[in-house]
Amino acid sequence: MEKQNLISRMELNDNKAGMEGLDKEKINQIIYESSKGKLFMCSKFFENEQKKEEQLNQRIKEQQALVDSISPAQLHHGLKEANRVIKELQDCLDLSRTIVHVDMDAFYAAVEMRDDPRLKNKPMAVGSMGMLSTSNYIARRFGVRAAMPGFIGLKLCPNLVLVKPNFDKYTAVSKEIRGIFAQYDPHFSPMSLDEAYLDFTEHLNHRILSKSFSRLFLIRKEQGNDYETNSSKSAECLCDLNALLKPHLIASEEFEVLCGNSDEDMLVYLSTLNENNIYPLPGCCSVCNRKFPSYTLKLYGVSIEDAVLEMRNRIEQLTRLTASAGIAPNTMLAKICSDKNKPNGQFHIHPDRQEIDDFIRDLPIRKISGIGKVTEKLLGALGVKTCNDLYKQRALLYHVFSQISFQYFMRIALGMGSIYVERDEDRKSMSTEQTFGEINEPNELYSKCEELCQILAKDLDNEHLVGKTVSIKIKTVSFAVKTRSHSLQHFTNDEKLIFNAAKQLLKTEIEATQPDILRLRLMGVRMSRLTSQNCVQSSIQSMFKKNLKSETSRNYTNAMNISTDATSSTNNNQFKTEPEQLDPIFYYNSSNSPNLYRESDEEDYSHVCDSPPSKRSPLKDKVVLKSSTGTKKKIPKDNNKQTKTVEKDTILRFVYKKESTNTLLENSGHNNLKYVDVFITNENEEVGSSRSTGSSKSAETTSTSVISSFPSTHNKSSRPSFTSEHFNDSPLTCVNHEMKLPKDPPAISSSIESMTDPSFGMVTCPVCGQQKLNWPLEQLNIHVDLCLSKNTVKDILHRDEQTLRRSKALKRDGKELPDLSLPCKKRIKTQMTVESYFK
DNA sequence: GCGGATCAC
DNA sequence: TATGGTGATCCGC
């Protein structure tokens, strides 16, 4: 009966390698008792967990009510729709890729054990009394695992050794293993320090044709357990044998002879060798001066199993740490596979429908990345425990969950996951937060807030990022979490501007709590809607610096100074001396504020014009959407919508890419770049005019007025028409409509010069910074055009996205027999709009 | 655009 | 004594 009171959300999650067959009941009892705190005195944490549990139960009740309200006819409709969706998903099933998920075994713990042999046979965990990052396999037998507070770990396992984390060390090791990953897939996608997805498809294509010696590696004869005795005796070299010895090996005559021979020949040859007797290998390490250990030479085959084993063995040789891997046709399955034979093992699901079905059928849904304890419980209430249950209950799920969730579930039921391994290039937010002993004094709260803003500002600056939305996060001593955010008018990473916004948000919260006091245990500050600090502005500015200086227009240079160097601005002083006198919210709007940036382009679009379409591009036949799992979902692309020109095609590629990453798209400062286009070229009417159309389409931003105030003749003028207006378009300066154009506008040649290093013939794109040797002017023009156009595309997409959200919301509200509008529709809609932009 | 919630690591 | 930090996404409003 005590068991009934246990809180499911706090129960041990034994869904982890090395935690099978534990006495869950006993462990949960200990966790429960420890969390609850003393008799009659529940911990705040515990109370909050209870509250959340109740909320979840309420949600399940509501869910059940919804289920009960579904008529048989509706259910039948749901079944029909579900079957349709499944059919569509099956139609785009692609088993052609070979995806590998690699995961280091108990990574942090393993590193610590490697470096301190005393930990070898002890239960240990990395972390503190407050929280554990990971535990070794011995500790896992006691139920001690990551995300568990240390003091509970100690209750479960009194002999548990706690080791403080050493992230620098883990990062260094991570760098080593990533070096190996990159040799199998240069575009691998790291998920954390210790795991990554790799697409082995290309590697395997090459591997089949590879020479045997490229698959030959040195392996120490004594593994793992003997390392530490080795190192404690300082007897043998622990360096990377393959890096040190393989070059010698390959250079030796015997190997040269064998280079073109078969694996069989190589194996025969290897069998004739005496270990450690391969002339002319050195016997001593040139790095550490120690004797090389005894080793064998191992030849790996061309199969995927051998390739992954080779990679794992190489990781172990290099780091003395083991990794596990999963091989499958998509990331979702690969991820599950990597856990299957952990530690130090691998598992392969072949690209076979039946094999996938068999694997997935009885798999508990909790094994799927993206399904956590809440979703597990919500689905469990509908009788869904395994992946096949998802299929069985598809008619119901269709009605109960959103379209996105429903599709996600169906994909799971079919064993379908993303077949793309891509790095998420652009980060969407950056934050810093701290837990501390209670702070309730407003001044102390503000002080903490300021400290966090300082850190955040520095972090942003380190990555050359500026952002538009400032959020604070607060957690009360009762563990209640709140976030509050405010969007600024302009991009910034200025510490004081961030703090002003954050402070205002905090102030509101403090006041809202009154007459009670706001008692916090955590505070955080986040910046989102990020963009790059410098790309367009700096390159455009540098492009014209010469002209500006030579033309000696004071106005120009003033404009430049303000936007490039905020600290030199006199306005900055005003800010420093009297920041409190201004309502911070209004202060941001001041066009004189320092350190504000226009929205600008930050990405390198060199590939848009110059690279051949990437074979791995998801845009080729699929659109990739981020799913809630952090992995990517693919949606079929309508291939009939091919565009005709290279420009369109490449732009659309960009469009899909942006859509795929679901970036918060910004309307942007492309209008102040338009002039660059006019300036550089007036030949390419089509491209030029298309962008003009785009400019007017996006004319709903603050800069619109500047555009419209720009004499129309400027656009059409065949003469390169400079220009200060464009820089003055910056919110940092006043637009001076009266300003005269220079009598002698800067000649094209001089501008081009500024992009060109005459000594090397290197031409630099002023927008993306890409360099090319002797870049023909026509190509450069087209390239610059494309770089600039993307602002307009962004703008359209942004509004598209908003429209879509709104319509989706509306649809959901009146959802009786939901119209399952597949994301295909969404994509087409976007595409049509963007296409119309090119007309 | 905002805030809560969920999830991964 | 005592339950983290960072980033992302989705949903409902």
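All figures in this text were calculated on a predicted structure; none of them were measured in a lab. Protein chains get the first letters and strands the later ones, always in sequence-line order, with residue 1 at the start of each. The figures that follow rest on heavy atoms only: side chains count, while hydrogens, waters and symmetry mates do not.
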Does [X] have a side-chain nitrogen or oxygen under 4.0 Å from the phosphate oxygens OP1 or OP2 of [N]?
X        : N     : answer
A:Thr435 : C:dT3 : no
A:Ser429 : C:dA8 : yes
A:Thr375 : B:dC7 : yes
A:Gln55  : B:dA5 : yes
A:Arg529 : B:dG1 : yes
A:Lys475 : C:dG4 : yes
A:Lys335 : B:dC9 : yes

Worksheet item: Stepwise, does the side chain to side chain contact (heavy atoms under 4.5 Å, CB included) test hold for A:Val470 with A:Leu456?
Response: CA-CA 11 Å; A:Val470 177; A:Leu456 179 61; over 6 Å; no
Looking only at side-chain atoms of [X], point me to the closest of [options].
X        : options              : answer
A:Ser192 : B:dC9, B:dC7, C:dA2  : B:dC9
A:Ser369 : B:dG1, B:dA8, C:dG5  : B:dA8
A:Arg484 : B:dG4, B:dC7, B:dA8  : B:dG4
A:Ser485 : B:dG1, B:dC2, C:dG4  : B:dC2
A:Arg427 : C:dG4, B:dG1, C:dA8  : C:dA8
A:Asp194 : C:dT3, C:dG7, B:dC9  : B:dC9
A:Thr483 : B:dG3, C:dT3, C:dC10 : B:dG3
A:Thr432 : C:dT6, C:dT9, B:dG4  : C:dT6
A:Lys428 : C:dT9, B:dC2, C:dG4  : C:dT9
A:Met131 : C:dA8, C:dT3, B:dC9  : C:dT3

Worksheet entry | Geometric cation-pi criterion, A:Arg423 with A:Phe188: 6.0 Å, 45° | yes
Interatomic distance, [X] [atom1] vs [N] [atom2] [rounded to whole Å]:
X        : N      : atom1 : atom2 : result
A:Leu378 : C:dC10 : CG    : P     : 17 Å
A:Tyr108 : C:dG4  : OH    : P     : 17 Å
A:Ile412 : B:dC7  : CD1   : C1'   : 13 Å
A:Asn15  : B:dA8  : CG    : C1'   : 12 Å
A:Arg9   : B:dC7  : CZ    : P     : 9 Å
A:Asn13  : B:dA8  : CG    : P     : 9 Å
A:Met104 : B:dC9  : CE    : C1'   : 15 Å
A:Leu456 : C:dG7  : CG    : P     : 9 Å

Remember a base hit wins even if backbone is also touched, and classify [X] as base, sugar-phosphate or nothing at under 4.0 Å, heavy atoms.
X        : answer
A:Lys52  : nothing
A:Gln434 : sugar-phosphate
A:Arg59  : sugar-phosphate

Worksheet item: For A:Ser324, does its backbone N or O pair with a side-chain atom of A:Asp103 as donor and acceptor, under 3.5 Å?
Response: no
Are any of the side-chain nitrogens in [X] or [Y] under 4.0 Å away from the carboxylate oxygens of its partner?
X        : Y        : result
A:Glu49  : A:Lys52  : yes
A:Lys335 : A:Glu195 : yes
A:Glu511 : A:Lys507 : yes
A:Glu33  : A:Lys155 : no

Practice prompt. Provide the distance between the two P atoms, one in B:dA8 and one in C:dT3, to the nearest whole Å.
Written response: 23 Å
Practice prompt. Give me the residues of residues 147-156 of chain A where at least one heavy atom lies under 4.0 Å from an atom of DNA chain C, by number, or none.
Written response: A:Ala147, A:Pro149, A:Phe151, A:Ile152
Worksheet item: Taking the inter-plane angle between the rings of A:Tyr197 and A:His101 on a 0 to 90° scale, is it parallel (under 30°), tilted (30 to 60°) or perpendicular (over 60°)?
Response: tilted
Worksheet entry | Residue whose nearest DNA chain B nucleotide is more 5′ - A:Leu56 or A:His101 | A:Leu56
Worksheet item: Taking only residues two or more places apart in sequence or in another chain, which ones pass side-chain contact (heavy atoms from CB on, under 4.5 Å) with A:Arg140?
Response: A:Lys16, A:Ala17, A:Met19, A:Ala106, A:Thr134, A:Ser135, A:Tyr137
